[in-house]
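Structure first, commentary second.
Here the structure is a predicted model, which means the values were calculated and not measured. The sequence lines fix the lettering, A, B, ..., with proteins before strands; numbering per chain opens at 1.
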Amino acid sequence: MTDPAKPTLLVVDGHSLAFRAFYALPVDSFVTRDGQHTNAIHGFLSMLILLLQNEKPTHLAVAFDISRFSFRTREYAEYKGTRSETPPEFVGQVPLLEEALQAMGVQTLSKEDFEADDILATLATRGAEEGFDVLVVSGDRDAIQLVRPGVTLLYPNARGVSELKRYDRDAVVERYGIEPEQYPDVAALVGETSDNLIGIDKVGEKTAVKWLKQFGSLDEILAHADEITGVVGQNLRDQKDRAVRNRKLNRLVTDVELPVGPLDLERKPIDEQAVRAVFDRLQFKTLLERVLKIAAAERGDSAPSAADAPPADSIPVIRTLVDEELAQWIKKQSASGTTPLGLRVETHGSSVTGFGLASATETVYVPWAEGRMDYVALETWLASDAPKYLQGAKSQYKALHGAGLRLEGIAFDTTLGAWLLKPGLKPESLETQVYDYLGERLAVADPSQLVPENEGASPATEAWYILRIAEYLAGRLDAGSRGVLDDIELPLVPVLATMELTGITVNHDVLSALTAQLSETAATVAAAAFAEIGREINLGSPKQLQEVLFDQLEMPKTRSNKTGFSTDAASLADLQEQNPHPFLDLLLQHRDATKLMQIIASIDKAIDKTGRVHTTYEQAGSSTGRIASNDPNLQNVPVKTEIGRRIRSAFEPSPGFETLLTADYSQIEMRIMAHLSGDAGLIEAFNSGEDLHRFVGARIFSVAPADVTPTMRTKVKAMSYGLAYGLSAFGLSKQLRIETSEAKELMTDYFARFGAVRDYLRNVVEQAKVDGYTTTIFGRRRPFPDLNSSNRVLRENAQRQALNSPIQGSAADILKRAMLSISADMAGMQSRMLLQVHDELVFEVAPGELDDLTSLVRARMGGAADLDVPLDVQIGTGPNWDAAAH
DNA sequence: AGACGCACGTA
DNA sequence: CGTACGTGCGTCTT
């Protein structure tokens with residue numbers, strides 16, 4: 001660390017760090033209500049605040065580039081020429097960032113014709129001369145050359161700006177094997193893609209370092225170029241101009257004329273008024289708190305305001321409790337009423353080794369060993385309704401289950417809470433949540449080390465943080481989202497956990513037989529395909545397929561994608577029409593067979609010793625509220641083709657169970673659309689008992705329901721389903737392979753009869769534009785920052801997502817509600833709920849329970865929502881999943 | 001090894 | 001130029 005006796009000068013490359021932050025943080029998640037992107041500002045400030053806290057610089061400056069042009073581009077026009085246009089979402093953030101820095105009392109610097117790194121180089125050099133401990137923060141590798149006694153480089157790692165690696169001289173030597181001042185020589189030889197500086201061909205870091213060690217410097221290497229043998233030696237001699245040019249360009253200027261020197265950069269006090277104003281405009285709540293905390297500390301008034309949570313350094317001292325002491329502690333907590341405790345289960349492998357418990361003021365660690373029975377108090381508390389706050393409650397529930405412990409009283413889950421606040425984010429680790437929501441660091445053990453040199457945080461500390469994150473999140477959830485959390489998501493945790501633990505029986509022999517048959521088909525078809533084109537290629541390689549189709553067979557070009565032209569099934573079907581060739585059909589057959597084999601393999605390898613497959617449900621994985629399934633994904637088991645359905649026939653009731661039962665909602669999304677739009681025609685369609693598409697078709701084509709032809713029905717069906725996805729006339733015409741004009745006409749006719757549907761869909765988007773989010777029937781929100789984007793693609797994507805979200809999300813809510821009431825009703829039964837597939841549930845039925853289960857499932861699914869149209873539930877039973885379909 | 005794009009399975 | 005997912009492969013890049 002830095003010498004406390006010396007002043008510390010911190011100089012930061014504003015542009016490169018802000019740019020890194022821009023790409024490290026999701027651009028969609030940081031947008032103000034009026035559409036201003038703030039992710040780069042947020043990431044940069046967050047990093048800077050950490051630096052202020054950790055490094056306590058006495059002097060500070062942030063340097064910016066004025067433009068992408070400098071003396072270097074004048075010397076070499078292609079310098080940084082490979083850089084693509086700066087994204088517009090980034091450009092607007094820089095002035096705001098400078099404003100925020102100003103409010104924080106941070107000096108910003110820039111200089112015409114020079115890059116920010118040159119300013120850094122100048123200040124670092126002078127600072128070191130004047131007796132400062134200098135810290136240089138830059139995302140540009142060229143800054144390595146600045147490292148020397150008194151100058152340390154902080155360089156962001158690949159993960160963005162959240163972690164800075166410290167390079168002093170020893171660290172540079174360790175990482176690169178050379179002295180810091182030799183680094184530019186290495187870079188000159190190797191080249192720097194990001195600056196569009198091409199190096200010597202075939203010379204990488206290894207070779208460059210080897211030469212430098214041998215000859216000492218680039219000049220000496222070039223002087224002795226004749227002594228270097230082989231292709232690289234020749235390349236060096238041929239291309240030495242490149243190295244010379246690169247070296248000239250990557251030398252940082254250390255004597256830029258600046259209006260200030262290091263001594264002028266003394267930290268100024270934070271202007272709290274101004275900081276509040278700027279951060280308010282940027283809608284940075286957490287960052288504001290963190291800055292104000294620093295401001296308070298620097299003023300020397302350490303008393304936290306009453307509303308503040310305890311600061312990071314006041315994590316209560318961890319006590320390890322067992323036996324009587326533990327029982328007393330739990331008793332004391334329970335006596336204080338319904339105050340929730342943070343809970344963290346510690347596991348090693350699959351076994352439970354301890355517990356962390358925390359209240360706002362106390363942290364407790366409880367060691368646990370398998371089979372110990374002296375923890376009655378803890379066991380009782382876990383299984384009681386006493387409120388517990390967890391992170392990732394489902395996996396904790398399962399871990400406890402494995403140790404023979406029951407968990408009840410899940411009153412908050414920070415994973416679910418964070419997801420309901422921002423459903424677009426993937427679940428975060430606890431460490432990330434601590435950092436993102438509290439701005440603090442949680443120690444994490446290095447998983448790559450068998451004996452970690454840095455210890456992870458204690459489960460007790462983790463439990464305390466969980467409590468604080470939960471409070472943070474709870475304070476930000478609106479009433480609707482809180483209702484979804486309390487009434488749907490939290491109660492669903494044990495239901496899903498139990499389904500995962502139960503698993504579904506899969507018949508390995510059925511799968512093996514299928515694989516054998518498919519692999520034979522694949523081989524035969526491949527051989528025939530090779531015969532057609534006169535050579536053997538990898539049929540799974542889109543690249544090789546493109547060569548065959550468009551070069552060798554000279555077929556017309558299909559729609560293009562990033563790697564050339566598409567070879568997907570739709571494109572191949574088009575080709576078959578325009579340019580029939582036996583190869584095309586054989587290729588499709590091969591794709592079919594191999595795809596099915598893959599799916600079978602993923603299921604088969606997941607079968608456990610008891611013959612069951614246990615998927616894992618991702619409860620916080622989708623933006624709309626749906627549940628996802630993985631490892632293996634049991635929500636995409638084939639059903640549409642005959643051979644695909646044979647995979648479903650491998651899913652059977654477990655021994656001791658009578659049959660499988662499937663129950664699904666028919667046309668639930670259309671029904672929700674009818675309800676939400678209040679369209680009289682559509683509501684009548686569902687109440688009439690007539691086939692939906694026939695009813696709608698009759699209205700649109702002005703014929704009797706009996707006279708709706710299959711073609712008409714197909715068109716109407718595609719139109720109806722497309723509605724909820726924001727389908728365009730163009731898309732509809734492509735799907736139905738009809739003229740755009742006909743598709744347009746179909747849409748016009750449709751809306752002439754069902755106008756309220758169109759009005760509703762329009763209104764959803766309009767309202768979302770105003771509110772910034774959409775809401776499901778039950779109050780689940782999804783934010784849409786891009787609805788007002790100036791980027792058309794972004795905006796139109798957001799519009800379609802916005803009109804779909806209440807529909808898909810409400811359907812998800814309804815099935816989840818049904819699962820909860822079904823699960824509650826099944827408490828006394830032996831039958832088990834096994835799978836959820838978005839609008840379908842699969843059960844295995846214990847002997848004698850079929851009638852009861854059927855009627856209860858029908859009643860609970862049918863009654864899961866009170867809509868203006870009935871919820872139709874289809875139920876089927878059979879000896880396997882395929883046979884149980886209807 | 002890890003990231004990315006393509007292609008394709010489901011609702 | 002149709003929403004929401006997960007997986008496996010090929011390919012290019014650490």
Side-chain angles (χ1 to χ4, degrees), chain A residues 158 193 204-205 423-424 426 448 537-546 558-572 587-588 590-603 605-606 615-618 621-641 643-645 647-648 664-670 673 718-736 740 743 761 774 782 792-793 796-809 811-812 815 835-841 881:
Chain A
T193 322
E205 198 178 298
K426 296 282 142 245
S448 63
I537 62 160
N538 184 344
L539 293 173
S541 160
K543 201 181 162 199
Q544 294 178 38
L545 283 174
Q546 285 177 33
T558 56
R559 79 181 160 84
S560 60
N561 58 33
K562 286 189 182 174
T563 54
F565 300 96
S566 175
T567 65
D568 68 12
S571 302
L572 294 180
L587 173 59
L588 282 172
H590 186 260
R591 284 234 181 107
D592 256 10
T594 48
K595 179 74 185 176
L596 289 171
M597 284 167 68
Q598 282 167 14
I599 291 178
I600 293 170
S602 76
I603 296 169
K605 78 174 185 332
T615 187
T616 303
Y617 290 105
E618 192 64 73
S622 82
S623 307
T624 54
R626 275 191 177 180
I627 299 168
S629 156
N630 55 40
D631 276 319
N633 183 353
L634 294 186
Q635 289 177 327
N636 73 340
V637 180
V639 69
K640 287 176 180 162
T641 62
I643 184 93
R645 278 191 295 277
I647 300 179
R648 290 203 169 204
D664 65 48
Y665 285 120
S666 53
Q667 297 135 349
I668 187 166
E669 297 198 347
M670 283 296 288
M673 226 175 2
M719 172 81 209
S720 287
Y721 277 109
L723 274 183
Y725 299 147
L727 185 66
S728 64
F730 180 86
L732 185 63
S733 73
K734 279 215 86 151
Q735 191 195 329
L736 291 173
T740 318
L761 293 172
T774 60
R782 177 176 175 188
R792 204 185 86 187
V793 178
E796 291 181 347
N797 281 339
Q799 288 171 354
R800 287 189 298 272
Q801 292 165 349
L803 70 85
N804 173 261
S805 274
I807 300 167
Q808 189 183 122
L815 185 54
L835 299 179
Q836 194 257 34
V837 195
H838 307 310
D839 67 0
E840 173 187 14
L841 295 173
W881 194 4

Contacts under 3.5 Å, N or O only, protein and nucleotides 3-5 of chain B:
residue	atom	partner	partner atom	Å
dG5(B)	OP1	K562(A)	NZ	3.3

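Following rounding to the nearest Å, L634(A) (CG) and dG9(B) (P) show an atom-to-atom distance of 17 Å. Computed from coordinates, the M719(A) CE to dG2(C) C1' distance equals 12 Å when rounded to whole Å. In this structure, D568(A) places its CG atom 18 Å from P of dG10(C), rounding to the nearest Å. As rounded to whole Å, 10 Å separates atom P of dC5(C) from atom CG of N804(A). To the nearest angstrom, P of dC8(B) lies 13 Å from CG of L539(A). In this structure, I599(A) atom CD1 and dA7(B) atom C1' are separated by 12 Å, rounded to whole Å. The nearest whole Å value for the distance from the CZ atom in R626(A) to the P atom in dT3(C) is 13 Å.
Summarising the geometry, atom CD belonging to E669(A) is positioned 10.5 Å from atom NE2 belonging to H838(A); distances are rounded to the nearest 0.5 Å. Note: K734(A) NZ to L727(A) CG = 12.5 Å, rounded to the nearest 0.5 Å.
Interface remark: the N636(A) side chain does form a donor-acceptor pair with the dG9(B) base, using a distance-only criterion of under 3.5 Å. Applying the 3.5 Å distance criterion, the base of dA7(B) shares no donor-acceptor pair with the side chain of R591(A). For a distance-only test at 3.5 Å, the side chain of Q635(A) fails to qualify as a donor-acceptor partner of the base of dG9(B).
The closest donor-acceptor contact from the side chain of Q544(A) to the backbone of L539(A) lies at 3.5 Å or more, if one exists at all.
The shortest distance between the side-chain N/O atoms of Q801(A) and the OP1/OP2 oxygens of dA4(C) is below 4.0 Å. Regarding contacts with the backbone of dC5(C), every side-chain N or O of S629(A) stays at 4.0 angstrom or more from both OP1 and OP2. At the phosphate of dA7(B), OP1 or OP2 sits under 4.0 Å from a side-chain N or O atom of T567(A). Distances shorter than 4.0 Å separate none of the side-chain N or O atoms of K734(A) from OP1 or OP2 on dC1(C). The phosphate of dC5(C) has neither OP1 nor OP2 within less than 4.0 Å of any side-chain N or O from T624(A).
Only the P atoms considered, dC1(C) is 16 Å distant from dG5(B), to the nearest whole Å.
Across all strands, D631(A) comes closer than 4.0 Å only to sugar-phosphate atoms, never to a base (heavy-atom distances). Among the protein residues, Q808(A) comes within range of the nucleic acid bases, having at least one heavy atom under 4.0 Å from a base atom. Residue R782(A) is classed as a sugar-phosphate contact, given heavy-atom separations below 4.0 Å to backbone atoms only. Using a 4.0 Å heavy-atom distance criterion, S566(A) is classed as a sugar-phosphate-only contact. When heavy atoms are screened at a 4.0 angstrom cut-off, K543(A) is found touching the sugar-phosphate backbone but no base atom. Among the heavy atoms of the strands, none lies under 4.0 Å from E840(A). Contacts of A601(A) with the nucleic acid, taken as non-hydrogen atoms under 4.0 Å apart, are absent. As judged by a 4.0 angstrom heavy-atom cut-off over every strand, R800(A) is placed among residues touching the sugar-phosphate backbone only. When heavy atoms are screened at a 4.0 angstrom cut-off, S623(A) is found touching the sugar-phosphate backbone but no base atom.
When each of T616(A), N636(A), T615(A) is tested with S629(A) by the rule side chain to side chain donor-acceptor pair (under 3.5 Å), just one qualifies, namely T615(A).
In this structure, the side chains of M673(A) and M670(A) come closer than 4.5 Å at one or more pairs of heavy atoms.
Side chains of S805(A) and T774(A): no donor on one and acceptor on the other come within 3.5 Å.
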